[in-house]
Amino acid sequence: MKMFVNRKNELEELRALSQSKQPVMALLYGRRRVGKTYLLGRVWKDPFYFLAADTTLETNRTDLLRELEQWSGMEIFPEDYHTWRSVFRLMARIAGEKQQVFILDEFQYLLERDSDVVSQLTAVWDREMDDSPLVLVLCGSEVSTMEALQSRDSPLFGRLSWSSRLRPFDYFDSSRMLPWLPLREAMYIYGALGGMPRYLSAVKHNENLRESLCRILLSPRGEVHIQLQNLMAGEKGIRNTAEYDAVLRAVAAGRRELSEIASCAGLQDRTYVARRVLEVMENLALIRRERNYGASSKSPWRYRIADNALLFWHRFIEPNRSQLERDMVGSVWETSIEPLLDTYMGHIFEDIARQTLLRFSGELGLPVLSTCNRWEGLDRNRRSIELDIVARLKSGEMLTGEVKWSSSPVDPDVHFQLLRNLEDLTASGQNWAKQALGGWFVYFSAAGFSEYMLRLAEDTTRVILVSLEDMFPD
Ligand SMILES: Nc1ncnc2c1ncn2[C@@H]1O[C@H](COP(=O)(O)OP(=O)(O)OP(=O)(O)O)[C@@H](O)[C@H]1O
Ligand SMILES: [Mg+2]
C-alpha cells in the first residue's frame with residue numbers, strides 16, 4: 001500500500017460529513033502538489049470525481065456529463081443539460097435517497113471570467129436540493145480564487161459546512177515520508193525540498209542525499225526542478241514574474257526589511273510594488289514575516305522565505321543555472337552546494353526547532369507555548385545579539401534558547417553565553433530579558449551534548465536539552 005502521512009483531522013472530518021442527512025458542501029484548497037487529490041482519494045469509497053480542465057465551460061460541462069454517465073450507469077444526453085444549473089440538479093437527482101459524494105477538482109477552472117457556475121450552484125442548492133443526502137466537495141489549487149469562495153461577497157458564503165486549506169508538511173511529517181533515511185539526512189532533504197508531499201515523494205529508497213538532490217532538484221530534467229521553475233508562472237494573479245523573482249531573490253539573499261528588499265530588487269522608486277509582491281507571496285505561504293519578540297507594532301517587519309524548496313532554489317540553483325544547464329550537476333554540488341550546506345541548514349534547523357517547540361512541548365517536558373519568536377539587534381553598547389528562541393509560555397513564564405546544527409556536541413558555553421546576552425539586554429532596558437533570566441532554557445543540538453552540558457542540565461532546574469532524536473517522539 002502507498003504511504004499516507006498525517007492529514008488525520010481532515011480525513012476524519014470529511015468522513016463525518018457523509019453522516020449528514022442533509023446536503024453538505026465542502027471546500028478543500030491549497031498549493032499545487034500539496035496533496036489535495038491524494039487526500040480526497042482516501043476519504044470515500046466510490047465518489048464521483050471530476051477533474052476540471054483549463055478549457056471552456058462548455059467542454060468542462062460535457063466532459064463532466066460523460067463521466068457522470070459512466071460512473072452512475074445512467075444514460076445521460078448532454079444536450080438535455082445545457083446549463084450548470086441543470087447539471088447540479090442532475091447530481092441531486094442521482095443522489096436521491098442514497099448518500100453520494102461528488103468531487104469537483106480544480107474547481108477554479110470553472111470560475112474563469114464571466115462564469116456564473118457558482119450562482120447557478122447556489123440557486124439549485126437553496127431551492128432544489130431538498131433533503132438529498134449529497135456531499136459536494138469543491139477542490140482547487142488556486143489559493144486566492146478558492147479563498148474568495150468563502151468570503152462574505154461570495155454567493156457561497158454561509159453555505160459551506162467545512163473548509164480547509166491544506167498546508168505542506170512540517171519537518172516531522174516530512175521525515176515520515178523518508179522513514180529509511182537517518183534523521184540528519186532527512187533534515188537535509190527537508191531543508192532542500194521543504195514539506196511539499198509531491199517533492200518528498202520523488203526521493204527514492206536506495207539513494208543518498210547527494211544522489212537524490214542531484215537527480216530531482218539540480219538536474220534541469222529533474223522532477224522538482226521543473227516544478228519549481230514553473231512555480232511562479234503557474235500562480236494566477238502573478239503577472240509580472242520578473243518582479244516576483246527579483247523580490248524572492250532579494251529575500252533569499254538575506255534582505256529582510258521592505259526598503260532593503262525593494263532596493264535590492266531594483267524597485268527602490270516603487271516600494272509599493274515590492275510590498276504588494278510580498279503580500280501576494282505571503283498569501284501563498286511562500287513568504288512569511290516576523291518581528292523580534294516584544295517588538296512594538298510600529299517596528300518594521302522582517303521578511304523570510306517560508307518554503308525551503310524556494311529558498312534552496314534561489315540560494316543554490318538559480319545562481320548556478322548556466323552550469324546546471326550544461327549538465328555539470330556533480331561539480332555544482334561539490335563546489336557550490338556541499339561546502340555551504342551546513343551553514344544553510346543552521347537557519348533551517350532554527351525553524352525546525354521552533355516547530356518542535358510548538359508541536360511537542362509536552363513530550364519535551366515543557367509547558368505549552370503561546371508564542372515563539374527570535375530576537376536580534378544591538379545592546380546598549382551596540383554589540384550585536386541574536387537569540388534563536390524567545391518564547392512566552394502559556395503559564396506566563398519566559399523560555400529562551402539556542403539551536404545548534406553543528407557536528408560536535410554542544411557544551412555549557414552556550415548556556416553561559418545566553419545568560420550573558422540576557423543580562424546585557426536587561427541592562428539595555430529590555431524588560432522581557434530580565435524575566436527570561438528567571439525562566440526556562442532550551443538547547444537544541446543536532447550532534448548531542450557534552451558530558452558537562454548533560455550534568456549542567458541535571459543540576460539546573462528548567463534547563464531542557466533536546467537532541468535530534470528527541471525532536472522525533474514516537
Ligand atoms: N498525505 C500524504 N502522504 C503521503 N504522500 C502524499 C500525501 N499527500 C500527497 N502525497 C504525495 O504527493 C503527491 C501529490 O499529491 P496530489 O496530487 O494530491 O496533490 P494536489 O494537491 O492534488 O496537487 P495539484 O493541485 O497539482 O493537483 C501524491 O501523488 C503523493 O505521492
Ligand atoms: Mg490534484
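When a ligand or atom number is given, it counts from 1 through the structure's own listing order. Numbering starts at 1 and runs along the sequence shown.
A salt bridge does not link E290 with R302: none of the charged nitrogens is closer than 4.0 Å to a carboxylate oxygen. D388 has no carboxylate O lying under 4.0 Å from a charged side-chain N of K404, or vice versa, which leaves the two without a salt bridge.
Among R198, R33, K36, the residue whose heavy atom sits closest to atom 26 (O) of ligand 1 is R33. The closest non-hydrogen atom to atom 5 (N) of ligand 1, taken over R42, M177, E10, comes from M177.
Protein heavy atom closest to atom 29 (O) of ligand 1, with residue, atom name and distance, is Y38 CD1, 4.0 Å. Ranking protein heavy atoms by distance to atom 16 (P) of ligand 1, first place goes to G35 CA, 3.6 Å. Nearest non-hydrogen protein atom to atom 1 (N) of ligand 1 is V5 O, 2.9 Å. Among all protein heavy atoms, the one lying closest to atom 17 (O) of ligand 1 is T37 CB, 4.2 Å. In terms of protein heavy-atom proximity, atom 27 (O) of ligand 1 is nearest to E106 OE2, 3.3 Å. Protein heavy atom at the shortest distance from atom 9 (C) of ligand 1 is P197 CB, 3.3 Å.
Remark: ligand 1 atoms within the under-4.0 Å shell around heavy atoms of R7 are 1 (N). Taking a cut-off of under 4.0 Å to the non-hydrogen atoms of S141, the atoms of ligand 1 that pass are 25 (O).
E106 and Q108 are linked by a side-chain donor-acceptor pair at a separation below 3.5 angstrom, with hydrogens and angles left out of the test. Inspection of the E257 and W301 side chains reveals no N or O donor paired with an N or O acceptor under 3.5 Å.
Annotation: V34 places an N or O atom under 3.5 Å from an N or O atom of ligand 1; distance criterion only.
Between the side chain of S86 and the main chain of T83, a donor-acceptor pair closer than 3.5 Å is present.
Within 6.0 Å of the CZ atom in R275, the count of heavy atoms belonging to other residues, nucleotides or ligands does not exceed 12.
Counting heavy atoms closer than 4.0 Å to ligand 1, residue S201 contributes side-chain atoms (C-beta onward) but none from N, CA, C or O. Contact annotation: for F169 versus ligand 1, heavy atoms closer than 4.0 Å belong to the side chain alone.
For F107 and Y29, the gap between ring centers reaches or exceeds 6.0 Å. Between W405 and H347, the ring center distance fails the sub-6.0 Å criterion.
The nearest N, O or S atom of T37 is closer to the Mg ion (ligand 2) than 2.8 Å.
Under the 30°/60° scheme for interplanar angles, the aromatic rings of F48 and F50 are found to lie parallel.
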